[in-house]
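As the structure lists them, so they are numbered: ligands from 1, and atoms in each ligand from 1. What you see is a predicted model; the values in this text were computed from it and never measured.
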Amino acid sequence: MVAKSAPATVYVCQNCGHQSRKWLGKCPDCGEWNSFVEERAATAPKGVAAGRARLSFGAAKPVAYGEIESQDDARVSSGVAEFDRVLGGGIVPGSLVLIGGDPGIGKSTLLLQVADKLSAQGARVLYVSGEESERQIKMRGERLGVAAANLFLLPETNLEAILDEVERDAPAAIIVDSIQTVFSPKIESAPGSVSQVREVASQFLMLAKGRGVPVFLIGHVTKEGAIAGPKALEHIVDTVLYFEGERHHNHRIVRAAKNRFGAANELGVFEMTGAGLVGVANPSEMFLQERPQNVAGSVVTACMEGTRPVLVEVQALASESKFNYPVRATQGFNANRLALLLAVLERRVGLRMLASDVFINVAGGLEIDEPAADLGVVAAIASSFKNKPIDAQTAVFGEVGLTGEVRGAMQAQARAREAQALGFKKLVLPASNVEGLQRLLGLRLVGVRSVEEALDELF
Ligand code: TYD
Ligand code: MG
């Protein structure tokens, strides 16, 4: 189907980029309401080559596989250890990285710190800002102690002008703050619309691949759909990092939602201080800092976040419901998974969960998203329900199946080591994991096959 008469208008979901010929109240693709905005369809370039003329991925000829250099040894340290970690061990030259997060969470702060550290190594860094003036950035920089001689600020929002500047300046790394403010004059839609951010992102992709320099795009995440969400860009970029959790905590969690060059789900943990973000070397310690002792409904579970084991406290509150439909609310844990675990507790263990309100909270604002956290959640609920505290020096992990069985988890050794390192005395874990495990001094390993067995062990 080819539109004959230009310029056509299309309606584009500002959340996911779904296109429709007419306005829709609800996006059939992502389910978002009121997210459609009228946009001009991009005017097709004259001839196929026109779109590619400016920049390409480099050689347009086939290259022998054996002659391609491996990129892994070419990684560059950003100078910010936790940032290197989420990237999978440093910055990959020519990579396009999207950093998303709520306004005010610390995106500009983190990238300015990275820019500072990079330029201190002698790299020429171009910080393109469409959001703040040089003065504002300088003010932030002074707080952060930025002292880089090789850091250049460019207050510009026109993509063509930015590309020209890059051509002239040949920076070794580029930061764009934010992608929503940059626009291509070739596209008629407003800056921040899906068509615009997609065009801008693909131009920066070409730039990154063509010049072999890393490009970092900052993107805002908003619920309203007024500004195109970074979701629409996820498939274009190499790596997507999200600031997780809320601003109300002192610490900030940066997670790799997608990474072509490293483990997805990798976690970087920072503390927001008066002088910027400071890496937290031992997140488990931090997450367990305010843990109450000998209180029912609290248990420590050993999670894997990317390649790193992290101990977190899961809290549950179960109380008799006053409603026809008992309340279930979770923070940091999947609500459907909770429903499943409650059904298991009801049917396989005989706890009267269906008449109880249940609240789950993962302390510290972390999102846990792995089956091995099941046993922690189940134990916390049972503890609150029975009003019996779990020993403070005991940690648990394990996946729970529908028949109430406890299934093995990956990386059991790493989890056990972390528990030992933090001084735990007992670890309740899947029986199938115990066999292959190396004994650890001071940590008693107790393998369990079912939820019932686990609860017997804990209470
Ligand atoms: P910012 O990086 O501007 O957020 P974003 O770019 O994601 O919108 O961070 C803003 C918040 O960080 C603001 O509330 C102030 C706080 N902050 C500190 O606490 N310490 C600092 O050193 C800096 C620079 C900011
Ligand atoms: Mg900012």
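- Among V146, T109, V278, T273, the residue whose heavy atom lies closest to atom 9 (O) of ligand 1 is T109.
- Between R255 and E367 no salt bridge is recorded (no basic side-chain N to carboxylate O distance below 4.0 Å).
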In sequence, state the C-alpha distance, the side-chain angles, and the governing distance for I360 and V377, and then conclude on side-chain contact (heavy atoms from CB on, under 4.5 Å).
CA-CA 8 Å; I360 298 289; V377 173; 3.8 Å; yes

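- In summary, the atoms of ligand 1 found under 4.0 Å from a heavy atom of A275, numbered by their order in the structure, are 22 (O).
- Remark: K107 does not engage D177 in a salt bridge, criterion side-chain N to carboxylate O under 4.0 Å.
- Residue-ligand proximity, S108 to ligand 1, at heavy-atom distances under 4.0 Å covers atoms 2 (O), 5 (P), 6 (O).
- Every atom of ligand 1 is numbered from 1 in the order shown, and the set under 4.0 Å from a heavy atom of L144 is 22 (O), 24 (C).
- Note on E82 versus R308: salt bridge recorded, some NZ/NE/NH1/NH2 to OD/OE distance being below 4.0 Å.
- Salt bridge status for E165 with R168: present, with a side-chain N to carboxylate O gap under 4.0 Å.
- Within the structure, ligand 1 lacks G101 among the residues with a heavy atom less than 4.0 angstrom away.
- Between E156 and N158, some side-chain heavy-atom pair lies under the 4.5 Å cut-off.
- Among G104, P103, G276, the residue whose heavy atom sits closest to atom 14 (O) of ligand 1 is G104.
- The Mg ion (ligand 2) has S108 OG as protein N, O or S atoms under 2.8 Å away.
- Annotation: ring-ring contact (aromatic ring centres under 6.0 Å, His included) contacts involving residues 107-147, sequence neighbours excluded, are absent.
- We find that R415 and E418 are not joined by a salt bridge, their nearest charged nitrogen and carboxylate oxygen being 4.0 Å or further apart.
- When R252, R143, M139 are ranked by how near their heavy atoms come to atom 23 (C) of ligand 1, first place goes to R143.
- A donor-acceptor pair is defined here as one N or O able to donate and one able to accept, closer than 3.5 Å; no such pair exists between the side chain of Q203 and the backbone of V200.
- Taking a cutoff of 4.0 Å between a charged side-chain nitrogen and a carboxylate oxygen, R211 and E167 qualify as a salt bridge.
- When non-hydrogen atoms are compared, ligand 1 lies under 4.0 Å from the side chain of R140 (C-beta onward) but not from its backbone.
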